[in-house]
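Proteins come first, then strands; the chains are lettered A, B, ... in the order of their sequence lines, and each starts at number 1.
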Amino acid sequence: MYALADCNNFFVSCERVFRPDLWNKPVVVLSGNDGCVVSRSNEVKALGIPMGVPLYQIRDKVEKYGITCFSSNFSLYGDMSDRVMSLLRKHTTRFEQYSIDEGYIHIDHISPERQKTYCEQIVREIYQGTGIPISMGIAPTKTLAKVASKYAKKHKGYHGACLIDTEERRRKALEMFAVGDVWGVGRQARTKLHAAGITTALQFADRREEFARNLLHKPGLLTWRELNGIDCIDLGEMAQKQSITRSRTFASAVTELAVLEQQITDFCSSCARHLRAQQSVCRQLTVYAVTSRFRTDSVSHTIWADISLPVATSNTGELIEYALRALREQFQAGAPYKRAGIILTHILPAAHALPDLFDTRDRQKDERLQLTLDRMNDRFGKYTIQYATATMPAANADASVYKREHCSPLYTTDIRQILQVCV
DNA sequence: TCTGGGGTCCTAGGACCC
DNA sequence: TCTGGGGTCCTAGGACCC
């Protein structure tokens with residue numbers, strides 16, 4: 001049996017932990033540049049404000065209902081997530097973290113009749129230990145556990161934990177569950193299912209296996225099996241990322257090459273740090289910068305460069321070199337670039353990297369330098385030593401190309417804020 | 001005017017091999 | 001003039017997730 005622990009309105013809940021005055025008040029968390037709504041409190045959901053809506057489209061409601069808006073603060077959410085996950089891990093020998101706010105506990109070591117009360121206890125423990133409210137769904141497959149967690153979240157009577165352990169409960173739960181809300185059923189699949197006259201999860205589960213395979217191929221087939229109680233989705237451990245991305249949309253369009261160079265430099269530094277942290281190297285680097293996809297009245301241009309690296313690397317300086325060269329080659333003067341980013345792919349363990357016969361770099365020296373820089377930045381702060389084309393951290397607050405007007409303090413990761421909270 | 005960011009997996013089709 | 005069949009690997013693009 002799986003028990004899925006799913007944090008309720010996670011980003012909003014993180015903000016509320018440090019702002020108890022906002023309990024029972026309408027609150028949203030916004031995406032980068034304060035663009036879209038990415039997390040909503042129950043009060044906001046009740047107002048009919050959908051997920052992902054741009055802030056400017058709901059300005060009147062924000063005003064009218066006094067909705068509190070937060071810019072996203074990922075240092076805070078990441079830290080709160082770590083706290084929740086470490087408490088969850090204590091309850092099982094097999095824990096699979098699925099996202100920043102969800103994880104699956106294997107609970108076969110708990111006798112069937114105690115599983116629900118056991119999970120109710122976990123819900124209370126997490127709340128007491130972190131201030132984050134969670135819901136739990138218990139079932140023989142991950143997809144059914146997801147369904148159960150939605151019921152637990154929706155109805156107070158479950159005390160935070162809903163159990164699907166019998167055929168009767170499975171059928172009843174699926175009968176009242178919209179097929180489009182099933183984990184793994186997206187927009188396309190939903191449209192196809194509706195066209196076939198299927199609107200509930202039970203109607204889908206009750207069709208023949210061949211139907212699911214023919215209509216939705218392998219992913220749909222797996223979902224069908226899971227809904228019928230056959231455990232077949234393996235999340236795997238995935239300790240090593242297969243691709244690493246950094247990208248940002250700018251508050252207003254960028255036309256200066258130098259500004260793009262700074263951004264790309266920052267992205268390279270951040271990705272390369274991540275790469276080294278998981279002890280891997282990459283063989284491909286993609287650099288891009290694009291103009292707004294919503295504007296039709298200005299110059300449209302796409303910079304896109306896939307660069308095959310001669311030797312797999314995690315060296316920040318080397319990545320910056322290749323990235324900036326491609327950027328400069330394709331940069332078009334006058335184009336208003338609204339978003340830029342880099343993607344590292346073809347990632348492999350550093351120990352598996354092959355040397356190149358015609359290599360011109362002193363790799364051992366590079367590595368020693370990189371290690372030294374990492375140590376200095378770990379010890380004295382993230383921006384102690386940077387590459388010269390990077391943005392100046394001091395300038396970040398004022399002259400930033402990003403907008404973050406409603407950011408909460410770094411309550412849990414900045415020593416000055418931690419002291420404030422303690423006081 | 002203002003519209004996020006970071007991932008994974010699957011599939012079809014092309015290149016290439018014998 | 002006649003021009004197969006079976007396989008692997010790679011990649012781009014799509015669908016989906018939070």
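- With a cut-off of 3.5 Å on both pairing distances, the Watson-Crick or G-U wobble partner of B/dC18 is C/dG5.
- Summarising the geometry, the separation between CE on A/Met51 and P on B/dG4 is reported as 13 Å, rounded to the nearest angstrom.
- Using a 4.0 Å cut-off between charged side-chain N and carboxylate O, A/Arg404 and A/Asp34 make no salt bridge.
- Rounded to whole Å, the separation between the P atoms of B/dC17 and C/dT3 comes to 24 Å.
- Rounded to whole angstrom, the span from the CZ atom of A/Arg339 across to the P atom of B/dT3 amounts to 11 Å.
- In this entry the distance linking CD1 of A/Ile233 with P of B/dC10 reads 10 Å, nearest Å.
- Proximity note for A/Ser247 (side chain, C-beta onward) versus B/dG6, B/dG4, B/dT8: the nearest is B/dG6.
- Under 4.0 angstrom from either OP1 or OP2 of B/dT3 there lies no side-chain N or O belonging to A/Ser31.
- Side-chain N/O atoms of A/Ser99 include none lying less than 4.0 angstrom from OP1 or OP2 on C/dC17.
- A/Asp6 has its CG atom 8 Å from the P atom of C/dC18, to the nearest Å.
- In this structure, A/Ser243 and A/Thr249 both approach DNA chain B, and ranking their closest nucleotides by distance from the 5' end singles out A/Thr249.
- Taking the side chain of A/Lys241 as heavy atoms from C-beta on, and the options B/dT11, B/dT3, B/dT8, the nearest nucleotide is B/dT8.
- Ring centers of A/His106 and A/Tyr2: under 6.0 Å apart, within the cut-off.
- Counting to the nearest Å, the C1' atom of C/dT11 and the CD atom of A/Gln242 are 15 Å from each other.
- Using a 4.0 Å heavy-atom criterion, one finds that A/Tyr98 contacts the sugar-phosphate atoms exclusively.
- If you check the side chains of A/Asp101 and A/Ser99, you find a donor sitting under 3.5 Å from an acceptor.
- Salt-bridge annotation for A/Lys150 and A/Asp181: absent, with no side-chain N of the basic residue lying under 4.0 Å from a carboxylate O of the acidic one.
- Within the structure, a side-chain polar atom (N or O) of A/His346 is placed less than 4.0 Å from OP1 or OP2 of C/dT11.
- Each of A/Asp231, A/Asp165, A/Leu144 was evaluated against A/Met1; a single residue qualifies, A/Asp165, per the side-chain contact (heavy atoms from CB on, under 4.5 Å) test.
- Enclosure of atom CZ in A/Arg363 by more than 12 non-hydrogen atoms of other residues, nucleotides or ligands within 6.0 angstrom is indicated.
- In this structure, the CG atom of A/Leu216 is 12 Å from the P atom of C/dA15, given to the nearest Å.
- Computed from coordinates, the A/Ile347 CD1 to B/dT8 P distance equals 8 Å when rounded to whole Å.
- Across all strands, A/Asp101 comes closer than 4.0 Å only to sugar-phosphate atoms, never to a base (heavy-atom distances).
- Ion pairing of A/Glu175 with A/Arg171 is absent here, as no side-chain N (NZ or NE/NH1/NH2) approaches a carboxylate O to less than 4.0 Å.
- Backbone-only engagement by A/Ile244 is indicated by non-hydrogen atom pairs under 4.0 Å involving sugar-phosphate atoms exclusively.
- Residues of residues 183-202 of chain A having a heavy atom closer than 4.0 Å to DNA chain C, listed by number: A/Trp183, A/Gly184, A/Val185, A/Gly186, A/Arg187, A/Gln188, A/Ala189.
- Under 4.0 Å is where a charged nitrogen must lie from a carboxylate oxygen, and between A/Lys45 and A/Glu43 no such pair does.
- Put simply, CZ on A/Arg293 is 13 Å from C1' on B/dC2, counting in whole angstrom units.
- Within 4.0 Å of A/Val37, counting heavy atoms only, lies no atom of the nucleic acid at all.
- Across all strands, A/Glu102 comes closer than 4.0 Å only to sugar-phosphate atoms, never to a base (heavy-atom distances).
- Among B/dC10, C/dC18, B/dG6, the nucleotide with an atom closest to any side-chain atom of A/Arg248 is B/dG6.
- The pair A/Lys90-A/Glu125 does not meet the salt-bridge criterion, since no charged nitrogen lies less than 4.0 angstrom from a carboxylate oxygen.
- Between A/Gln284 and C/dT11 there is no side-chain N or O to OP1 or OP2 distance below 4.0 Å.
- Taking side-chain N and O atoms only, A/Lys338 has no distance below 4.0 Å to OP1 or OP2 of B/dT1.
- Nearest to the side-chain atoms of A/Arg246 among the listed nucleotides C/dC18, B/dC2, B/dG7 stands B/dG7.
- Residue A/Arg213 places no side-chain N or O under 4.0 Å from the OP1 or OP2 atom of B/dC10.
- The side chain of A/Phe294 has B/dT3 as its nearest neighbour among B/dT3, B/dC2, B/dG5.
- Close to B/dG4, at under 4.0 Å from its OP1 or OP2, lies no side-chain N or O of A/Ser72.
- A residue-by-residue look at A/Gly52 and A/Thr245 shows that A/Gly52 has its nearest nucleotide of DNA chain B further toward the 5' end.
- Here the nucleotide nearest the side chain of A/Val38, chosen from B/dG4, B/dC10, B/dT3, is B/dG4.
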